[in-house]
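Each chain gets a letter, A, B and so on, in the order the sequences are listed, and its residues count up from 1. Please read these numbers as outputs of a predicted model, since none were measured by experiment.
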Amino acid sequence: MQTEKIEGKRAGDVYYRIKHPSGLSICLYPKEHSSTTYAVFGARYGSVDNCFRRSDESGAQTVPEGIAHYLEHKLFESEDGDAFEKYARTGASANAFTSFESTCYLFSCTDRLYESLEILLSFVQDPYFTKESVAKEQGIIGQEIKMYDDDPQWQVMFSFLRAMYQKHPIRQDIAGTVESIAQITPEHLYRCYRTFYNLGNMILCIAGSFDMEKVLEVCDRTLKPSEAVTVERVFEEEPASVLQTYTEKRLPVTLPLFQFGYKEPVKKGSYRSEEEIAAVEVLLEAMASDSSLLFRRLLDRELINESSFCYEYFEGEGYAAVMFGGESKDPEAVAGEIRKEVSRLLKDGIDEADFRRAQKAIYGENIAALNSTGNIANALLSFSFKNRELFTYLDALADLKLSKVQEALKRVFGGEQTVLSVINPL
Amino acid sequence: MGKIVSYPISESVSLRAFTDPNFKTMKISVDMLIPISALTAAKYGILPSLVSRATLEYSDYTALSRRLSELYGAALDSSVRKMGAYQVLTLSAGGISSRYALEGEDMFGELCELLFSVLFHPLKTEDGEFVKEHFEQEKRQLLELKDAEFGDKMLYAHQCCEQLHFAKSEAGVNRYGSREDILNLELSGLSEAWEELLKKSHFEIFILGDCEPELSVFRERFQGLGSSFPMTYLKMDPPSEVQRKTEEQTLSQSKLSMAFAVDFRPEERLAFQLMSAVFGGTPSSKLFRNVREKQSLCYYCSSVFDAAGSTLYVESGVETENLVRAEEAILHELDALQQGEVTEEELDAAKLALCNAMRSVRDSLNAVENFCVSRLFDPVLEPPDELVRKIEALRKEDVVCAAKKVVLSAVFSLKGCANA
């Protein structure tokens with residue numbers, strides 16, 4: 001078992017990265033004064049993984065949309081009962097979620113950690129599907145899909161992604177569609193489970209108060225070594241251009257919602273470094289946070305409000321975009337102001353004082369996030385899946401140079417490929 | 001390990017400190033409680049965001065935001081919520097601990113200065129009014145917040161149900177007042193309204209996280225503020241009949257929101273919380289296991305006990321054709337609970353979940369503040385560990401007895417149609 005101690009001098013914390021003999025990567029972040037311990041067990045398998053190639057097979061396979069999310073629902077059932085019933089006996093608060101690139105099972109507890117950990121590791125490694133149980137789940141997932149059909153925030157986001165991406169599966173809904181989930185069979189579920197729930201493709205992250213030896217004892221007892229198989233995501237090549245520059249839907253809302261963003265050309269298989277991510281975070285803070293001139297102009301023109309305006313660097317394997325969103329009486333005018341600001345910045349660059357201020361703000365927010373065991377464990381997991389390290393990111397933020405932000409500015413906005421997605425009232 | 005320590009400043013001002021160097025942040029928060037009324041809800045509701053828009057030193061929104069960014073993304077927040085029959089207006093300042101400040105800033109001093117500035121010296125013009133542009137901006141944003149609530153169908157259904165349930169009580173007044181009341185707000189008089197709030201509110205001050213507060217400064221600043229008045233859980237007459245309303249909208253999924261009147265004494269509060277956990281508060285609850293999982297009637301179906309408002313709510317997302325069946329199934333589960341159908345497993349699971357949530361309180365500064373404020377109506381503030389001990393001692397009979405005091409009061413159905 002290889003154990004590496006990772007020290008974060010700025011955070012004043014340490015954590016341990018362990019390669020377990022089963023193939024699983026484990027991150028353990030002690031916070032001995034915390035009452036709560038949070039554990040997350042995740043697979044690098046999300047809604048984008050509908051076409052894949054296993055290292056022990058020659059061809060790629062395509063499966064219906066929505067299987068990662070369907071599996072998340074079904075894994076909670078096993079021959080000897082439901083995982084929630086087992087957690088009910090330890091008092092842990094459990095949940096799971098599927099994102100574009102990962103599926104995560106988690107719990108937080110203040111007592112009986114090792115029992116809950118055993119439940120987590122066991123049920124995720126123990127798939128049990130029958131034709132009947134798969135068919136029954138279609139009703140529940142169908143209801144979930146309908147709930148999101150009515151959610152204006154969700155709809156403005158997915159309309160945006162479908163307009164921005166021509167081929168990349170990021171444009172598909174995480175839960176799939178009522179039609180695609182009707183095609184899912186137990187065989188599909190077992191096939192995808194055996195491909196992606198390989199311990200070499202998974203991570204366990206725990207933050208909180210625990211005895212490292214006891215955690216590893218549970219791991220030794222419950223982890224079943226996986227085959228030495230790797231899996232490759234197969235994506236069609238994504239053009240640099242967007243599919244549509246404008247998309248619109250109508251829903252029962254009072255004020256229009258918008259999502260406006262820039263598509264960044266991304267090389268296949270490349271990941272952005274800690275420094276590159278830090279540079280974009282600082283860039284967006286300098287450009288659009290509530291201390292920016294752009295924000296002030298939008299507010300003074302009554303085009304946005306403080307409670308809904310937001311922005312994000314949305315990136316993963318094969319995709320990257322800067323997105324701005326919120327409610328506005330005139331989404332076109334918001335997009336126009338953002339375009340103007342991007343042009344100005346591309347010409348003049350980011351001001352030194354704006355950069356310093358933004359850097360301090362993002363650094364503070366990241367330090368503050370280390371209060372929460374949930375934030376820590378989830379960050380360790382998502383950083384690991386993207387080949388990044390948490391404390392390296394904090395150092396990159398604190399040591400960031402303005403020149404790196406100027407480079408990021410050209411990289412994320414230079415392509416000038418934009419999409420405006422709008423939800424209008426009925 | 002931090003402890004919640006109370007320092008009464010006066011009859012109307014309490015200060016509670018929860019300091020712990022294991023946090024990487026600190027927060028100073030001032031909660032002002034005042035009885036809610038349709039006449040004043042909008043006027044008071046706009047004030048926290050209006051006074052925190054700028055300060056004497058940073059007299060412009062952007063200048064103040066820039067100062068907060070320089071303080072490592074510190075937050076100067078305002079919020080308005082409702083707790084039973086009271087409006088709770090909060091102003092707070094939060095940021096990282098001084099030990100993480102790269103340039104050695106005294107974060108506690110800086111945050112206190114900003115918070116005191118907006119509380120005691122909000123920016124006004126020469127004629128003593130707030131700045132007109134700031135007022136117009138806040139008024140517009142408040143109206144847009146109201147509009148956004150219509151877009152969130154879970155929230156919308158809940159609010160409509162709450163209005164039906166509290167139709168005859170001030171507790172039914174929206175936390176910001178009605179849309180019309182906000183539209184009719186005028187700048188003149190708001191400055192006096194702020195002074196009125198400082199004089200008439202009950203104050204709860206919180207100093208939380210990694211900091212070493214100088215209590216004398218707080219005593220000096222807050223002594224003489226506020227008014228003392230009795231604060232109690234809402235008392236309501238039992239509903240004579242169930243209020244019902246159905247609204248149709250163009251939606252894929254319908255929402256069913258139900259309110260139950262609850263008659264409880266303060267010392268019974270934990271039994272009602274446990275009853276709600278058994279009924280619909282956890283994934284092992286009756287509503288989740290039977291209505292959602294076994295009968296597949298709802299995508300979500302859960303209960304929450306609002307102690308301050310003496311109400312139990314059940315919220316669910318339902319297929320339109322299942323609206324009636326879902327309501328029947330929910331009432332069937334309540335009836336079973338009232339008849340004493342509670343297994344040892346159900347009771348133990350609910351107790352463990354509730355104790356787990358209670359023990360987690362001290363891991364979050366916001367949770368500590370919410371815990372204390374939500375227990376203001378209790379005769380004494382018992383710490384979370386003591387409440388854990390009391391929950392563990394509750395018996396099945398306590399849960400069944402609590403369930404028997406739950407009476408259906410209002411049902412709101414938001415009916416999804418293809419073309420409403």
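Residues B:Thr25 and A:Asn371 have side chains that bring a donor and an acceptor to within less than 3.5 angstrom of each other. No donor-acceptor contact under 3.5 angstrom links the side chains of B:Arg66 and A:Ser291, judged on distance only.
Heavy-atom minimum distance, B:Ser69 versus A:Glu285: OG-OE2, 4.0 Å. When all heavy atoms of A:Ile140 and B:Glu293 are compared, the closest pair comes out as CD1-OE2, 4.2 Å.
Taken to the nearest 0.5 Å, the CD1 atom of B:Ile96 stands 6.5 Å off from the CD1 atom of A:Ile367. Interatomic distance, A:Lys136 NZ to B:Ser296 OG, rounded to the nearest 0.5 Å: 4.5 Å. Note that the CZ atom of B:Arg289 and the CZ atom of A:Phe84 stand 13.0 Å from one another [nearest 0.5 Å]. Taken from CZ in A:Arg357 to OG in B:Ser65, the straight-line distance is 9.5 Å, to the nearest 0.5 Å. Note that OH of B:Tyr61 and CZ of A:Phe295 are 4.0 Å apart. Values are rounded to the nearest 0.5 Å. How far CG of B:Asn356 is from OG1 of A:Thr90: 8.0 Å, rounded to the nearest 0.5 Å.
Annotation: maximal heavy-atom pairing with chain B below 4.5 Å, among A:Ala11, A:Gly142, A:Ala369, A:Ala94, occurs at A:Ala11. Considering only heavy-atom pairs separated by less than 4.5 Å from chain A, the leading option among B:Gly416, B:Ala75, B:Cys355, B:Ala349 is B:Ala349. No other option in A:Thr254, A:Ile362, A:Ile423 has as many heavy-atom pairs under 4.5 Å with chain B as A:Thr254. Across B:Gln249, B:Lys153, B:Glu149, the residue that shares the most heavy-atom pairs under 4.5 angstrom with chain A is B:Lys153. In terms of heavy-atom pairs under 4.5 angstrom with chain A, the leader among B:Leu64, B:Leu102, B:Leu68 is B:Leu102. Highest contact tally toward chain A, considering only B:Ala101, B:Gly94, B:Gly151, is held by B:Gly151 [criterion: heavy-atom pairs under 4.5 Å]. In terms of non-hydrogen atom pairs under 4.5 Å with chain B, the most contact-rich of A:Ala361, A:Pro425, A:Gly364 is A:Ala361. Among A:Leu293, A:Leu255, A:Leu299, A:Asp82, the residue with the largest count of heavy-atom pairs under 4.5 Å with chain B is A:Leu299. Options B:Lys146, B:Glu319, B:Lys255, B:Glu345 differ in how many heavy-atom pairs under 4.5 Å they form with chain A, and the most are formed by B:Glu319. For the set B:Met358, B:Met154, B:Glu103, the count of heavy-atom pairs under 4.5 angstrom toward chain A peaks at B:Glu103.
The side-chain heavy atoms of B:Leu352 and A:Arg112, taken from C-beta on, include a pair separated by under 4.5 Å. Counting heavy atoms from C-beta outward, A:Asp13 and B:Lys24 have side chains that approach closer than 4.5 Å. Put simply, the side chain of B:Thr250 reaches to within 4.5 Å of the side chain of A:Leu426, judged on heavy atoms. Side-chain contact between B:Tyr300 and A:Glu144: absent, with no pair of heavy atoms (C-beta onward) separated by less than 4.5 Å.
Of the atoms belonging to A:Asn366, not a single heavy atom falls under 4.5 Å from chain B. For chain A, no part of B:Leu142 is nearby; none of its heavy atoms comes within less than 4.5 Å. For B:Ser284, the part lying near chain A is the side chain, with the backbone staying farther off; criterion is any non-hydrogen pair under 4.5 Å. Only the backbone of A:Ala92 comes within contact range of chain B, with heavy atoms under 4.5 Å apart. Neither the backbone nor the side chain of B:Arg99 comes within less than 4.5 Å of any heavy atom in chain A. With a 4.5 angstrom heavy-atom cutoff, A:Ile304 touches chain B only via backbone atoms. For A:Glu306, the parts sitting under 4.5 Å from any heavy atom of chain B are the backbone and the side chain alike. Interface remark: A:Asp300 contributes backbone and side-chain atoms alike to the contact with chain B (heavy atom separation under 4.5 Å). Heavy atoms closer than 4.5 Å to chain A are found nowhere in B:Val361, neither backbone nor side chain.
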**OP:** Go through the steps for B:Arg359 and A:Thr110 under the test side-chain hydrogen bond (donor to acceptor under 3.5 Å, both in side chains), then give the verdict.
**Re:** CA-CA 7 Å; B:Arg359 285 193 210 100; A:Thr110 52; 3.0 Å; yes
Original post:
Taking it one step at a time, do B:Glu144 and A:Lys329 satisfy salt bridge (Lys or Arg N to Asp or Glu O under 4.0 Å)?
Top reply: CA-CA 10 Å; B:Glu144 291 191 1; A:Lys329 62 182 182 190; over 6 Å; no
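Residue B:Arg67 qualifies as enclosed at atom CZ: its count of foreign heavy atoms under 6.0 Å is above 12. For B:Glu133, the CD atom is loosely surrounded, since the number of other residues' heavy atoms within 6.0 Å does not exceed 12.
Counting only distance, with no hydrogens or angles, the side chain of A:Lys360 and the backbone of B:Glu70 share a donor-acceptor pair below 3.5 Å. Side-chain N or O atoms of B:Asp363 include one that pairs as donor or acceptor with a backbone N or O of A:Thr36 at under 3.5 Å. Side chain of B:Gln253 to backbone of A:Gln143: a donor-acceptor contact under 3.5 angstrom is found.
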